[in-house]
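Below is one structure, written out as structure tokens, with a few remarks after it.
Heavy atoms only: backbone and side chains are in, while hydrogens, waters and symmetry mates are out. Lettering of chains follows the sequences in order, A, B, ..., and the numbering in each one begins at 1. All figures in this text were calculated on a predicted structure; none of them were measured in a lab.
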2 protein chains.
Amino acid sequence: MPDERTEARRRRIPEATVVRLPVYQRLLAELLRAGQPTVSSEQLAAMARVNAAKVRKDLSLLGSFGTRGTGYDVAFLIAQIERALGVGLDWPVAIVGIGNLGRALVNSEGFSSHGFRVVALFDVVESVVGHEVGPTVVHHIDRLPEVAAELHPSIGVIATPAGAAQEVADALVTAGVGAILNFAPKVLSVPSDVLLRYVDLSIELQVMSFYQSRRAEAGGAQVPPIRAFGLSLSPEGSAR
Amino acid sequence: MPDERTEARRRRIPEATVVRLPVYQRLLAELLRAGQPTVSSEQLAAMARVNAAKVRKDLSLLGSFGTRGTGYDVAFLIAQIERALGVGLDWPVAIVGIGNLGRALVNSEGFSSHGFRVVALFDVVESVVGHEVGPTVVHHIDRLPEVAAELHPSIGVIATPAGAAQEVADALVTAGVGAILNFAPKVLSVPSDVLLRYVDLSIELQVMSFYQSRRAEAGGAQVPPIRAFGLSLSPEGSAR
DNA sequence: TCGTGTGAACCATTTCACAGCT
DNA sequence: AGCTGTGAAATGGTTCACACGA
């Protein structure tokens, strides 16, 4: 059978590429604002601080959108990336744990600017439950099932202490979310059809302390702190 | 390089492994609290939700710490991982941007529980500068050079809006920090001897939306969110 | 000529599978 | 018999280098 896809490559997109797409998108939006009509892989690569071949390979996975000799049309490329990322679809988000972190998330540029709708907030602390935070009121976590049944969040964010995280994850899964973003420093267990990603501050810090110690040693001098050198780490995009 | 290290393997440790070490450490601490004296790679792998061979390979990079037929001594292994990670050394941290996120970081389990010392906070907002947040007072960002000269932060955390991030990074580098953890949604430029890592909420969300859209399509049915309602379907529904 | 799209080489990481120690 | 440590195979991702189209 001769199936030429009308468009849209069905190719599998590697996770590493998926993580870079939002970065490209952000940079392209800057170029668009600056009124630049086209961009080369070279220029985009410089902005994203990655290799130009990587940019071309990443973009080619979405389809052949470039013009040889010219580069990519900025506006068109943005549209293609947004389509791949599902921008424009509706992604209702529930956030559990309305401490400083939860509050930071509610008000974050990350949500508002990309069409993620915060539809429900939960906590257990009496002084928080019932209060307005950002666009909604905070419910008690016990009401998660009923509230979720009504609002159908498709992404759940866990911003609780580690001790509560698994329990919350279970509740979110039961409530039907398809993806969980976990900020608690805890390995979680969820069914394999639920997407789970971690953002873990303490891991990031410890990774830094690992490389800093190594470097201090390698530089031969000094105890931990300041201004030792010798090794060049951060080869390139640690854009995680 | 004419030397048998007295101890401490000189082998290069892959970044992927470095990121897992803090996870193992956390799990081992749990086992220690539970009074379990030894652990097998199999058990630790189950807890970390990774492959057992991976655990063995990761740990073997630090040295041969296991006992065949028995497993690893929990307390000893913790000590080895902590040594590799530079736990116990002094890592003074400066945080720039004391909004909700900055505040969340100051009070975070991540800092307190791993010996990271928050030595200085900075912001530009008048209503924040001069106030106590957590253990210290917030300085105006303009005072970063003088404050840093005194306190020698070795890690800088950027929790500002994207627009200010590069400027802050430059100031931190000039002040001599060797590592920067950037929470702003912005690609930064730093000298190659400064370690730079990103934590980017909006990327994480967009990655989720990518996989969720794909799944919605693949599942053949449903609109974007779970349990269909409203909203238009994305182009074509073909499987693959 | 410029710059994309892509096979092929390269490098990193994961997983397998098993020899060898306890 | 049980479990580590590690070569070797498999997989995933990056970079090179160049044919080809605009």
### Query
So, does the side chain of A:Arg68 form a donor-acceptor pair with the base of D:dC20 at under 3.5 Å?
yes

### Message
Could you tell me how far apart B:Phe65 (CZ) and D:dC3 (C1') are, to the nearest whole angstrom?
### Response
17 Å

### Query
Taking atom P of D:dG5 as reference, at what distance in whole Å does atom CG of B:Leu59 sit?
8 Å

### d(CG, A:Leu61; P, C:dT6) in whole Å
9 Å

### Reported CD-to-CD distance for the pair B:Gln36 and B:Gln43, which is rounded to 0.5 angstrom
4.0 Å

### Query
Phosphate oxygens OP1/OP2 of D:dT4: is one of them under 4.0 Å from a side-chain N or O of B:Ser41?
yes

### Task
Starting from P on D:dG5, measure out to CG on B:Leu62 and report it in whole angstrom.
10 Å

### B/S/- contact track for nucleotides 11-18 of chain C, protein heavy atom under 4.0 Å
--SSBBB-

### Message
What's the separation between atom CG in A:Leu21 and atom CD in A:Glu82, rounded to the nearest 0.5 Å?
### Response
11.5 Å

### Task
Mark yes when over 12 heavy atoms from residues, nucleotides or ligands other than B:Glu42 sit less than 6.0 Å from its CD; otherwise mark no.
no

### Whole-Å distance separating the CD atom of A:Gln43 from the P atom of C:dT4
10 Å

### Message
If you compare every side-chain N and O of A:Tyr72 against the phosphate oxygens of C:dG5 (OP1, OP2), does one of them come in below 4.0 Å?
### Response
yes

### Task
Count the heavy atoms belonging to other residues, nucleotides or ligands that lie under 6.0 Å from CD of B:Glu167, then report whether that count exceeds 12.
no

### Task
Quick one: pull up CD1 in A:Ile158 and CG in A:Leu101 and give me the separation to the nearest 0.5 Å.
12.0 Å

#### Entry: salt bridge (Lys or Arg N to Asp or Glu O under 4.0 Å) partner of A:Asp200, the single match among B:Arg20, B:Arg197, B:Arg26
B:Arg26

